[in-house]
Amino acid sequence: MTIFGLDSAGKTAGVAVQRDGRLLYECYLDAGCTHSETLLCLCRNALDALALSPAQVDVFAAAAGPGSFTGLRIGLAAVKGIAFANDTPCAAVSTLSALAHAAPVQGTLLCALDARRGEVYWAAFRAQGDTVQRLCPDSAAPAEALRPFVQRAEAPVWLLGDGAALLQNALGDTGKTHPVPEAYRLRCAGGVCRAAAAAGETIPAALLVPDYHRLSQAERERAARLAGC
């Protein structure tokens with residue numbers, strides 16, 4: 001099975017192609033460009049490098065959230081546009097699960113994305129051998145609120161995602177947490193492929209929607225205004 005994975009949930013963008021469990025291609029871009037400028041070029045480059053047509057892809061998988069609201073919409077729109085032409089099945093993958101499946105380390109994986117205002121989207125996993133086990137659901141919380149989890153977790157606790165630095169600053173020196181090197185901390189397109197393969201669940205492109213995990217800032221401000229009426 002050939003899986004095309006795409007990640008645009010954070011400040012970086014990435015695409016990957018996996019066939020029968022083997023990662024054939026992965027590209028990770030952290031150049032400060034907007035995803036709308038680069039993502040389709042990354043997709044085309046991946047297909048061209050492998051002499052692969054969209055029709056030869058069995059599943060298009062995407063990081064569907066949590067993450068940047070705009071980034072998620074851009075990524076899912078790109079996947080839908082490519083998949084619709086051949087009615088190719090799609091897979092919606094948790095961004096945090098993708099980070100865990102891309103991790104180059106073993107042990108407790110604390111995956112976190114910067115959710116702004118001192119909060120992170122986070123989830124924890126246990127990586128052992130080729131198996132990644134989820135320890136808790138995706139959620140949003142202030143960075144300081146993760147201290148009890150870290151204290152209870154089995155060491156070492158590896159920090160992944162663009163929220164790793166925020167967690168380090170909030171938690172201080174716990175003696176248990178270790179940030180994964182940045183080049184591996186942020187990239188997760190290959191993990192999108194692996195997580196999609198592990199889940200084995202697909203949906204039609206039309207049903208692919210982002211999972212934001214909380215209201216947008218505009219929606220929160222509107223709710224606050226209505227509550228004050």
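- For the side-chain hydrogen bond (donor to acceptor under 3.5 Å, both in side chains) test, no residue two or more places apart in sequence or in another chain qualifies with Ser68.
- In terms of heavy atoms, Ala103 sits closest to Leu160 at CB-CD2, 3.7 Å.
- In summary, of the residues considered (Leu110, Thr108, Val157), a side-chain contact (heavy atoms from CB on, under 4.5 Å) with Thr177 occurs for Val157 alone.
- A search for ring-ring contact (aromatic ring centres under 6.0 Å, His included) contacts involving Phe60 returns Phe4, not counting sequence neighbours.
- Thr34 and Glu37 share a donor-acceptor pair across their side chains, judged by distance under 3.5 Å alone.
- For residues 44-68, every residue pair satisfying the salt bridge (Lys or Arg N to Asp or Glu O under 4.0 Å) rule, not counting sequence neighbours, is listed here: Arg44-Asp48.
- Pairs engaging residues 186-201 under the salt bridge (Lys or Arg N to Asp or Glu O under 4.0 Å) rule: Glu26-Arg187 [sequence neighbours left out].
- Under the 3.5 Å distance criterion, the side-chain polar atoms of His35 are matched with a main-chain donor or acceptor of Gly10.
- For residues 142-171, every residue pair satisfying the side chain to side chain donor-acceptor pair (under 3.5 Å) rule, not counting sequence neighbours, is listed here: Arg126-Glu154.
- Arg73 and Tyr212 share a donor-acceptor pair across their side chains, judged by distance under 3.5 Å alone.
- Partners of Phe149 under the ring-ring contact (aromatic ring centres under 6.0 Å, His included) rule, at least two apart in sequence or in another chain, are Trp122.
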Worked check of side-chain contact (heavy atoms from CB on, under 4.5 Å) between Asp7 and Tyr28:
CA-CA 9 Å; Asp7 165 49; Tyr28 158 83; over 6 Å; no

